J.: 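The structure that follows is given in the form of structure tokens.
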Amino acid sequence: MTEREQRGRWAYIGSFTEAGGLGLTVAEVDGDTGALTPVHSTDAVVNPSFLTLSPGGEVLYAVSETDEGAAAAFSLADPTRPRLLGPPVPVRGDGPTHLALAGTWLFTANYGSGSVSVLPVRTGGGLGAPAAVLPHRGGGPVAERQAGPHAHAVVPDPSGRWVLAVDLGTDSVWTYALHAATGPAVAAPAPSPHRETRLRPGSGPRHLAFHPRGDRAYVLNELDSTVTTCRWDAASGHLEPVGETRVLPPGVETANFPSAPVVSADGRFLWAANRGHDSVSTLALDTTGDRPELHATVSCGGHWPRALTAHPDGRRLYAADERSGDVTWFGVDPDTGIPSRAGSVEIPAASCVVFTTGPASG
């Protein structure tokens, strides 16, 4: 099988075991239809609600979204049977909701404690104890959600020099600097705080996605159903908000909590999942990337789409519908960017979907 055929052949689906989920589910992806066929599951980690893969696809990482908070690494030597590389490692933060690899570090966003943990990635892909726990401070005007910081996502920038942490509680994005090693036998220093970018009070930023060009970032706001467009300067690590766009049609008053933004590989479309309205919004991007325009909303195919993921081939989107317990897939119209439902599979308490990115064996 060629590398092209292997790309996206396997899907890894996280779910909340404490809500009846199976934990980590492996599914085979039909290259023609996009259909998912589950082949294996493991509950080796409690509440593996968010997942990410190493660049070569050899290791899968998961948060354990619990009060104690942990992160785990799985070998994908056999892509259908993930194997733990040691016990889950406590992140010294409460309720980690997101994680990302940046250089030789694994970052977790700890929603409950409002902090970011930085764990070293060892040779072979295993994890060490946190080298740093970076606390956020502050709050926002929505008392029941913003009494304190709530780090929700950590996203490396395309240049590989920075990590951006989106905090729902402080209405801001925190930028951390990555540092190079000072010599071949010396490990790189732990990342350090660089700056905090304030967004509109009460917006409740949750997740962030970069434009493929690397000079724009889109922050999806959970508390007011908007997306904030930002200019990004990788040379200085400066994030500048330049506008907001509503992700629901005019007049819609449904209680709604957007969860996940995705930007198309060609930079023409931005998609957002909406929990409550239970939809996927399609926004068109102009050539600058500064002015997203809402074009359509379609049903997410279930209830409470916690995550939205694009398949590596760019032709399909997958929504993890947490409360209806399924993953729904959509074909994407190449001209309009509007998704259309193509099928679904039952995955109780589904929370996240990621796809193989390289020529893993199997």
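Since we're looking at a predicted model, the values are computed, not measured.
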J.: As an exercise, state the distance from OG1 of T25 to CD1 of I347, rounded to the nearest 0.5 Å.
T.: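 Here the rounded value is 4.5 Å.
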J.: Is there a donor-acceptor contact under 3.5 Å from the side chain of S64 to the main chain of A70?
T.: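 No, because the side chain of S64 does not come within donor-acceptor range (under 3.5 Å) of the backbone of A70.
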J.: Keeping the roles fixed (side chain from Q146, backbone from L168), state whether a donor-acceptor pair exists under 3.5 Å.
T.: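 Checking the backbone N and O of L168 against the side chain of Q146, a donor-acceptor pair under 3.5 Å is found.
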J.: Contact between E196 and T170 at the side-chain level, heavy atoms closer than 4.5 Å - yes or no?
T.: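 Yes - at least one pair of side-chain heavy atoms lies under 4.5 Å apart.
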J.: Decide yes or no for L164 and T175: does some side-chain heavy atom of the first lie under 4.5 Å from some side-chain heavy atom of the second?
T.: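 They are in contact (side-chain heavy atoms under 4.5 Å apart), so the answer is yes.
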J.: Taking atom CD of E346 and atom CG of L36, what is their separation to the nearest 0.5 Å?
T.: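 Taking CD in E346 and CG in L36, the distance rounds to 13.5 Å.
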J.: Do V280 and P305 make a side-chain contact, defined as non-hydrogen atoms from C-beta onward lying under 4.5 Å apart?
T.: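 No, too far: nothing below the 4.5 Å cut-off.
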J.: Side chains of H179 and S192: do they bring a donor and an acceptor to under 3.5 Å?
T.: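 Yes - a donor-acceptor pair under 3.5 Å links their side chains.
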J.: May I ask you to decide if H277's main-chain N or O and N274's side chain share a donor-acceptor pair within less than 3.5 Å?
T.: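 Answer holds: no.
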J.: So, for L51 and Y12, which heavy atoms are closest and what is the spacing to 0.1 Å?
T.: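 So the minimum-distance heavy-atom pair works out to CD1-O, 3.5 Å.
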J.: Answer yes or no: is there a donor N or O on one side and an acceptor on the other, between the side chain of Y61 and the main chain of G126, under 3.5 Å?
T.: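 Flag not set: sc Y61 to bb G126 has no pair under 3.5 Å.
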J.: Passes side chain to side chain contact (heavy atoms under 4.5 Å, CB included), V26 versus W10? Steps please.
T.: CA-CA 7 Å; V26 184; W10 303 104; 4.2 Å; yes
J.: If the threshold is 4.0 Å, N to carboxylate O, is there a salt bridge linking E222 and R306?
T.: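 Salt bridge between E222 and R306, a charged N being under 4.0 Å from a carboxylate O: no.
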J.: Is there a side-chain contact between R216 and W232 in this structure, where contact means two heavy atoms from C-beta onward sitting under 4.5 Å apart?
T.: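 Result no, sub-4.5 Å side-chain heavy-atom pair not found.
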J.: Just so I know, are the side chains of T297 and P249 near enough to count as touching, which here means a heavy-atom distance under 4.5 Å?
T.: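 Answer yes - side chains close enough.
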J.: Donor-acceptor check, side chain of D286 to backbone of G289, threshold 3.5 angstrom: yes or no?
T.: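 Pair found, side chain donor or acceptor close to backbone of G289.
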J.: Test T17 against N47 for side chain to side chain donor-acceptor pair (under 3.5 Å), laying out the working first.
T.: CA-CA 5 Å; T17 56; N47 295 345; 3.1 Å; yes
J.: Any chance the side chains of D78 and T80 put a donor and an acceptor closer than 3.5 Å?
T.: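 There is such a pair (donor and acceptor under 3.5 Å, judged by atom type) between the side chains of D78 and T80.
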J.: Is L294 linked to W271 within one hydrophobic cluster, defined over Ile, Leu, Val, Met, Phe, Trp and Tyr using a side-chain heavy-atom separation of less than 4.5 Å?
T.: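 Result: no, two separate clusters.
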J.: Do the side chain of S281 and the main chain of V247 share a donor and acceptor less than 3.5 angstrom apart?
T.: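 A pair under 3.5 Å: yes.
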J.: Output, in order, the C-alpha distance, side-chain angles, deciding distance and verdict of side chain to side chain contact (heavy atoms under 4.5 Å, CB included) for L220 and Y218.
T.: CA-CA 6 Å; L220 191 60; Y218 303 96; over 6 Å; no
J.: Can you tell me how far OG of S203 sits from CZ of R198, rounded to the nearest 0.5 angstrom?
T.: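 Here the rounded value is 11.5 Å.
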J.: Does the side chain of P241 come within less than 4.5 Å of C230's, by heavy atoms?
T.: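 Yes, side chains in contact.
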J.: If you round to the nearest 0.5 Å, how far is CZ of R206 from CZ of F257?
T.: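 Answer rounded to 0.5 Å: 10.5 Å.
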J.: Decide whether L22 and I13 are clustered together by the hydrophobic rule: side chain heavy atoms of Ile, Leu, Val, Met, Phe, Trp, Tyr closer than 4.5 Å, transitively.
T.: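 In one cluster: no.
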J.: Please name the residue in the list V89, L101, V154 that meets the side chain to side chain contact (heavy atoms under 4.5 Å, CB included) test with L106.
T.: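 It is L101; the other options fail the test.
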J.: Kindly say whether V91 contributes a backbone atom to a donor-acceptor pair with the side chain of S117 at under 3.5 angstrom?
T.: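 Such a contact is found between S117 side chain and V91 backbone.
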J.: Measure across P48 and S351 and return the closest heavy-atom pair with its distance rounded to 0.1 Å.
T.: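 Result for this residue pair: O-OG, 4.0 Å.
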J.: Keeping the roles fixed (side chain from D171, backbone from G202), state whether a donor-acceptor pair exists under 3.5 Å.
T.: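 Yes, D171 side chain to G202 backbone: donor-acceptor pair under 3.5 Å.
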J.: Answer yes when D278 and R275 have at least one side-chain N-carboxylate O distance shorter than 4.0 Å, and no when they do not.
T.: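 Judged by the 4.0 Å cut-off on N to carboxylate O distance, D278 and R275 do not form a salt bridge.
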J.: What are the two closest heavy atoms between W105 and A131, and how far apart are they?
T.: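 Closest approach of W105 to A131, heavy atoms only: CZ3-CB, 3.6 Å.
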J.: Do F355 and T309 have side chains that approach each other closer than 4.5 Å (heavy atoms only, starting at C-beta)?
T.: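 The answer is yes, as the side chains (C-beta and beyond) meet within the 4.5 Å cut-off.
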J.: Grab the two heavy atoms, one from L308 and one from L317, that are nearest each other, plus how far apart they are.
T.: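 Of all heavy-atom pairs spanning L308 and L317, the closest is CD1-CB, 4.4 Å.
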J.: Which is it for H295 and T336 under the side chain to side chain donor-acceptor pair (under 3.5 Å) test, yes or no, and what are the steps along the way?
T.: CA-CA 8 Å; H295 272 198; T336 66; over 6 Å; no
J.: Within the side chain of D157, is there an N or O that forms a donor-acceptor pair under 3.5 Å with the backbone of S159?
T.: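 Yes: the side chain of D157 pairs with the backbone of S159.
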J.: Step by step, work out the side chain to side chain donor-acceptor pair (under 3.5 Å) result for T328 and D326.
T.: CA-CA 6 Å; T328 299; D326 60 82; 3.0 Å; yes
J.: To the nearest 0.5 Å, tell me how far D321 CG sits from S344 OG.
T.: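 Reported to 0.5 Å precision, the distance equals 8.5 Å.
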J.: Testing the 3.5 Å rule here: is there a donor-acceptor pair between the side chains of D30 and T37?
T.: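 The criterion, which ignores hydrogens and geometry beyond distance, is not satisfied for T37 and D30.
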J.: Check whether any side-chain heavy atom of V133 lies under 4.5 Å from a side-chain heavy atom of R92, and answer yes or no.
T.: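 Yes - at least one pair of side-chain heavy atoms lies under 4.5 Å apart.
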J.: Is it the case that over 12 heavy atoms from other parts of the model lie below 6.0 angstrom from the CZ atom of R137?
T.: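 12 or below, so no.
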J.: Nearest 0.5 Å please: distance from the CH2 atom of W329 over to the NE2 atom of H311.
T.: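 Between atom CH2 of W329 and atom NE2 of H311 there are 12.0 Å.
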J.: Is it the case that more than 12 heavy atoms not belonging to E240 sit under 6.0 Å from its CD atom?
T.: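 For E240, atom CD is crowded (more than 12 foreign heavy atoms under 6.0 Å).
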J.: Using the side chain to side chain contact (heavy atoms under 4.5 Å, CB included) definition, which of the options D290, L239, D215 pairs with R231?
T.: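 So, applying the side chain to side chain contact (heavy atoms under 4.5 Å, CB included) to R231 and each of D290, L239, D215, only D290 qualifies.
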J.: Could you check, using the six-membered ring where one of them is a Trp, whether H98 and H152 have ring centers closer than 6.0 angstrom?
T.: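 For H98 and H152, the ring centres are not under 6.0 Å apart.
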J.: So V227 and V219, side chain to side chain contact (heavy atoms under 4.5 Å, CB included) or not? Walk me through it.
T.: CA-CA 5 Å; V227 60; V219 182; 5.7 Å; no
J.: Give a yes or no on whether L99 and L85 share a hydrophobic cluster (residues Ile, Leu, Val, Met, Phe, Trp, Tyr; joining criterion: side-chain heavy atoms under 4.5 Å apart).
T.: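 Same hydrophobic cluster.
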J.: Does a side-chain N-to-carboxylate-O contact under 4.0 Å join R291 and E293?
T.: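 E293 and R291: not salt-bridged.
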J.: Show, in sequence, the C-alpha distance, side-chain angles and deciding distance for H211 and L285, and conclude whether the side chain to side chain contact (heavy atoms under 4.5 Å, CB included) test is met.
T.: CA-CA 10 Å; H211 191 284; L285 300 175; 4.1 Å; yes
J.: Are V173 and Y176 grouped together when hydrophobic residues (ILVMFWY) are joined by side-chain heavy atoms under 4.5 angstrom apart?
T.: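 V173 does not cluster with Y176.
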J.: So, for L53 and V354, which heavy atoms are closest and what is the spacing to 0.1 Å?
T.: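 Shortest heavy-atom contact: CD1-CG2, 4.2 Å.
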J.: Closest approach of P205 and S172, non-hydrogen atoms and distance?
T.: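 Looking at all heavy atoms of both residues, the shortest contact is CG-N, 3.7 Å.
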J.: Would you say I338 and F330 are hydrophobically clustered, going by side-chain heavy atoms of ILVMFWY under 4.5 Å?
T.: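 Yes, I338 connects to F330 through the hydrophobic network.
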J.: Donor-acceptor pair, D167 side chain versus A151 backbone, under 3.5 Å?
T.: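 Judged by distance alone, yes, a pair lies under 3.5 Å.
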